Amino acid sequence: MIHFSIFGIPVAVQPFFWVTMALLGGAIHANTPEALLKLALFILAGFISIMVHELGHALTIKHYKLPTSITLQAFGGYATYPAGRLSRPQNFLVTAGGPAAQLVLALIAHVLLHRLPYNEGIFSFLGSLRWVSVAWAVLNLLPVLPMDGGQLVNAVLGPARIRITLWITIITAVVVGLLALKIGLFILAILLGMFAFQAGQALRETRWR
């Protein structure tokens, strides 16, 4: 595991983060020097993009004078903070900070792609950076717990309406999961299926409280 700090925030990168990024970048079919270089640039772009996403969360948490740390793991990462210390509006802003930072990064990459003189390596990196940033931000904004979109819905509706949030999670996860299955995105379909199952379990638990 890799450990470092950025802006005073401890960061841990688990080994499976790199495995996930390599698989998403097409490691199975990377059998030429050119393909391996593109894979390496994709992994670097993915690391930077997801790191920026989690920094968006963590720096907003620091704004509220709370301790935080970042962990990058398989299929993403998370920023920690003490439970019960933020109001619902503050929770909303902390959650929104991740996708917002990533979309700004995508815009910067897009502008550079249209302003810099052509270089194959640089353009491959910037193209991957733009793609990962947009795709990851949009995916995270799906109204599905525990992703950012689900957390935003939860912050808006509040704990008293958790059953509504859970139903939104189940319906969205099932519909998008089936679409993902149809176009061959099997890992995404499995992930959304797992989130739908977890929401169903939570829904049953709230029924008996």
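Note that the structure is a prediction, hence the values are computed from the model and not measured.
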Provide the closest heavy-atom pair for [X] versus [Y] in the form atom of the first, atom of the second, distance.
X	Y	result
Leu66	Leu86	CD1-CD2, 3.5 Å
Ala79	Ile61	CB-CD1, 4.2 Å
Ala196	Ile170	O-CG1, 3.8 Å
Ile9	Ala58	CD1-CB, 3.7 Å
Ser87	Gln90	N-OE1, 2.9 Å
Leu41	Gly121	CD1-O, 3.5 Å

How about [X] and [Y]: do any of their side-chain heavy atoms sit closer than 4.5 Å?
X	Y	value
Leu39	Ile43	yes
Ile162	Leu157	no
Met147	Leu192	yes
Pro10	His3	no
Leu113	Ile122	no
Leu105	Arg130	no
Phe195	Pro146	yes

Checklist entry - Can you say whether the rings of Phe17 and Phe47 are parallel (under 30°), tilted (30 to 60°) or perpendicular (over 60°)? => result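 Rings of Phe17 and Phe47: perpendicular, over 60°.
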Next on the checklist: Which residue in the set Leu93, Thr80, Asp148, Ile70 passes side chain to side chain contact (heavy atoms under 4.5 Å, CB included) when paired with His57?
Outcome noted: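 So, applying the side chain to side chain contact (heavy atoms under 4.5 Å, CB included) to His57 and each of Leu93, Thr80, Asp148, Ile70, only Asp148 qualifies.
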Item to check | The single option from Leu72, Val19, Thr20, Thr71 passing side chain to side chain contact (heavy atoms under 4.5 Å, CB included) against Gln14 | outcome: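 Per the side chain to side chain contact (heavy atoms under 4.5 Å, CB included) rule, the option paired with Gln14 is Thr71, out of Leu72, Val19, Thr20, Thr71.
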Could you check whether any side-chain N or O of [X] sits under 3.5 Å from a backbone N or O of [Y], counting only pairs where one atom can act as donor and the other as acceptor?
X	Y	answer
Arg88	Ala155	yes
Ser124	Glu120	no
Thr169	Leu145	yes
Arg115	Val111	no

Checklist entry - Is atom CH2 of Trp18 surrounded by more than 12 heavy atoms (other residues, nucleotides or ligands) closer than 6.0 Å? => result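 It does: Trp18 CH2 has more than 12 such atoms within range.
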Checklist entry - Has Phe7 got more than 12 heavy atoms of other residues, nucleotides or ligands less than 6.0 Å from its CZ? => result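 12 or below, so no.
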Among the clusters formed by ILVMFWY side chains lying less than 4.5 Å apart, do [X] and [Y] turn up in the same one?
X	Y	value
Trp131	Leu103	no
Met194	Val144	yes
Leu188	Phe42	no

Donor-acceptor pairs under 3.5 Å, side chain of residues 132-142 to any protein atom, not counting sequence neighbours: which ones?
| unit_1 | atom_1 | unit_2 | atom_2 | d |
| --- | --- | --- | --- | --- |
| Ser133 | OG | Ser49 | OG | 2.8 |
| Ser133 | OG | Leu129 | O | 2.7 |
| Asn140 | ND2 | Trp136 | O | 3.0 |

Next on the checklist: Just to verify, what does Leu181 make a side chain to side chain contact (heavy atoms under 4.5 Å, CB included) with, not counting sequence neighbours?
Outcome noted: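 Partners of Leu181 by the side chain to side chain contact (heavy atoms under 4.5 Å, CB included) criterion, ordered by chain and then number, come out as Phe186, Ala189.
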Checklist entry - Taking it one step at a time, do Ile48 and Phe125 satisfy side-chain contact (heavy atoms from CB on, under 4.5 Å)? => result CA-CA 11 Å; Ile48 293 172; Phe125 169 75; 3.7 Å; yes
Item to check | Under 4.5 Å side-chain linkage, directly or through intermediates, the cluster mates of Phe75 | outcome: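 Reading the cluster by chain and number, Phe75 sits alongside Ile187.
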Checklist entry - Any side-chain donor paired with an acceptor under 3.5 Å for Asn91 and Tyr64? => result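 Tyr64 and Asn91 do not have a side-chain donor-acceptor pair below 3.5 Å.
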Item to check | Residues Phe92, Gln151; criterion side-chain contact (heavy atoms from CB on, under 4.5 Å); working and verdict | outcome: CA-CA 8 Å; Phe92 184 94; Gln151 298 293 348; over 6 Å; no
